[in-house]
Amino acid sequence: MTDIRHDPVAPTRTRRLAPGGVIDAHRHDDHQIVYAGRGVLTVTTDAGSWVAPGTRAIWVPAGVVHAHRAYGELDLHLVGLPVTENPLGLDAPTVLAVSPLLRELLIACTRAEAGGESPERARLRAVLLDQLRASDTQQPLHLPTPATPLLRALCDIFRADPGDRRTLAELGRQVGASDRTLSRLFRSDLGMTFPQWRTQLRLHHALILLTGRTPVTAVAHRCGWSSTSAFIEVFRRTFGHTPGSHPAGREGRADAPEPPRVHRARTASVQP
């Protein structure tokens with residue numbers, strides 16, 4: 001990332017981004033919660049990308065250089081928190097499960113900011129922090145960026161075509177490495193296996209296609225699943241609902257399904 005902007009205070013507000021809209025690389029001295037009430041949001045750092053549909057938010061710790069990109073019409077809700085307020089003790093960008101209550105709190109906090117400080121807004125923020133403490137982290141929605149040039153070359157092949165179904169041995173012949181070497185690099189560099197990384201990349205791409213209202217069968221094919229039913233099952237296990245009911249283009253649905261609970265893991269140009 002170049003030309004990094006430093007905005008000391010992380011804003012609390014709502015803004016709208018057009019499809020493909022970006023917020024260039026910047027950092028804050030505050031923590032920030034980023035929630036897309038409509039559309040799909042990606043947050044990118046040097047360590048990788050995090051994706052968030054309407055049932056997820058992204059925690060961005062203070063000082064982390066990050067950029068945003070919108071897929072579909074994006075209603076972006078930004079909540080800044082002082083560096084002393086870190087209810088989950090997170091020191092790396094993390095995707096958070098957003099319950100219906102937390103979703104409404106995030107939307108209300110960003111819309112109430114225009115009214116300035118008030119006892120009512122302070123109480124709203126306190127409830128928001130309580131709900132954050134109860135939120136689960138969603139590490140499967142993190143797509144790490146490889147540091148090894150050999151692995152970067154292989155991952156770039158899949159970024160260009162997530163539907164590529166070649167085996168690791170077949171890809172190894174293209175990049176000049178054995179499948180054993182590549183398997184070792186995936187574990188040591190990215191902390192996951194090749195099938196795990198590929199599945200996460202495909203899920204990222206599937207969210208983007210669904211936001212563009214691509215039919216489910218076409219999404220399954222373009223993302224490389226062996227069948228539509230296999231895609232639906234992986235999607236449902238990850239997001240808690242089927243791709244056919246994915247809330248593309250609708251903000252803050254009160255009837256949205258509750259995100260699945262997973263075990264908490266510790267891991268780690270437009271003005272925002």
Side-chain angles (χ1 to χ4, degrees), residues 10-26 28 31-45 48-61 64 66-81 88 90 93-113 128 131-132 135-143 200-201 203-214 219 235 238-241 243 245-260 269-272:
T12 296
R13 63 180 181 182
T14 300
R15 66 165 306 131
R16 185 161 293 177
L17 292 179
V22 297
I23 296 177
D24 292 336
H26 62 285
H28 306 292
H31 303 306
Q32 191 171 54
I33 304 165
V34 185
Y35 173 64
R38 179 174 63 163
V40 170
L41 166 74
T42 60
V43 171
T44 301
T45 75
S49 297
W50 288 258
V51 63
T55 55
R56 305 293 189 274
I58 301 177
W59 173 272
V60 181
V64 172
H66 60 288
H68 306 300
R69 183 178 181 87
Y71 294 95
E73 292 284 347
L74 192 71
D75 288 338
L76 189 61
H77 301 277
L78 304 164
V79 177
L81 294 172
L88 288 172
L90 298 169
T94 305
V95 176
L96 306 175
V98 175
S99 67
L101 175 57
L102 181 54
R103 174 169 51 248
E104 296 305 321
L105 288 166
L106 288 166
I107 293 172
C109 279
T110 56
R111 288 176 175 168
E113 182 68 15
L128 173 65
Q131 286 298 304
L132 284 173
S135 179
D136 288 310
T137 58
Q138 308 276 303
Q139 287 307 315
L141 300 179
H142 172 214
L143 190 69
Q200 292 184 199
L201 173 68
L203 285 170
H204 278 219
H205 193 57
L207 284 173
I208 293 167
L209 292 175
L210 290 168
T211 299
R213 305 190 185 280
T214 304
V219 173
F235 192 96
T238 303
F239 298 108
H241 58 273
S245 62
H246 183 68
R250 287 170 285 169
E251 177 175 4
R253 299 183 314 154
D255 62 337
E258 186 84 31
S269 304
V270 183
Q271 297 292 320

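One is the number of the first residue; the rest follow in order along the sequence.
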Trainee: Would you please name every residue forming a side-chain contact (heavy atoms from CB on, under 4.5 Å) with His205, sequence neighbours left out?
Mentor: Pro162, Leu209, Cys223

Trainee: Do Leu132 and Ile33 come within less than 4.5 Å of each other through their side chains, counting heavy atoms only?
Mentor: yes

Trainee: To the nearest 0.5 angstrom, please state how far the CG atom of Asp75 sits from the CZ atom of Arg38.
Mentor: 4.0 Å

Trainee: Could you check whether the rings of His68 and His66 sit parallel, tilted or perpendicular, using 30° and 60° as the cut-offs?
Mentor: perpendicular

Trainee: Taking all non-hydrogen atoms of both residues into account, name the closest pair between Ala67 and Ala25 and its distance.
Mentor: CB-N, 3.9 Å

Trainee: Which heavy atom of Ala36 sits nearest a heavy atom of Leu41, and at what distance?
Mentor: CB-CB, 3.9 Å

Trainee: Please examine the side chains of Pro243 and Val219, heavy atoms only from C-beta on, and report whether any two atoms are closer than 4.5 Å.
Mentor: no

Trainee: Please enumerate all residues that pass side chain to side chain donor-acceptor pair (under 3.5 Å) together with Ser49, with sequence neighbours excluded.
Mentor: Thr44

Trainee: Give, for atom CG of Leu203 and atom CG of Leu143, the distance between the pair rounded to the nearest 0.5 Å.
Mentor: 10.0 Å

Trainee: Roughly how far apart are Leu106 CG and Leu101 CG, rounded to 0.5 Å?
Mentor: 9.5 Å

Trainee: Any side-chain to backbone donor/acceptor pair from Trp50 onto Ile58? Under 3.5 Å, distance only.
Mentor: no

Trainee: Output the distance between atom CD (Glu73) and atom CZ (Arg16), rounded to the nearest 0.5 Å.
Mentor: 7.0 Å

Trainee: Are the side chains of Thr137 and Leu90 in contact, using a 4.5 Å heavy-atom criterion?
Mentor: yes

Trainee: Hey, mind stepping through Thr14 and Leu76 against side-chain contact (heavy atoms from CB on, under 4.5 Å) and telling me if it holds?
Mentor: CA-CA 6 Å; Thr14 300; Leu76 189 61; over 6 Å; no

Trainee: Would you mind reporting whether Val64 and Trp59 have side-chain heavy atoms less than 4.5 Å apart?
Mentor: no

Trainee: Hey, could you give me the CZ/CG distance between Arg56 and Asp136, rounded to the nearest 0.5 Å?
Mentor: 9.5 Å

Trainee: What residues form a side-chain contact (heavy atoms from CB on, under 4.5 Å) with Ala70, not counting sequence neighbours?
Mentor: Leu17, Leu74

Trainee: Is the side chain of Ser135 donor-acceptor paired with the backbone N or O of Ala97 at a distance under 3.5 Å, no angle test?
Mentor: yes

Trainee: Just by distance, do the side chain of Gln32 and the backbone of Pro11 share a donor-acceptor pair under 3.5 Å?
Mentor: yes

Trainee: Side-chain contact, heavy-atom cut-off 4.5 Å: Tyr71 with Leu207?
Mentor: no

Trainee: Which atoms form the tightest heavy-atom contact between Thr12 and Gly80, and what is the distance?
Mentor: OG1-N, 2.8 Å

Trainee: Taking C-beta and beyond as the side chain, do Val98 and Thr55 meet within less than 4.5 Å on heavy atoms?
Mentor: no

Trainee: About how many Å separate CD of Glu104 and CD of Gln131, when rounded to the nearest 0.5 Å?
Mentor: 12.0 Å

Trainee: Val95 versus Val51: any side-chain heavy-atom pair under 4.5 Å?
Mentor: no

Trainee: Parallel, tilted or perpendicular: which describes the rings of Phe235 and Phe239, with under 30° parallel and over 60° perpendicular?
Mentor: tilted

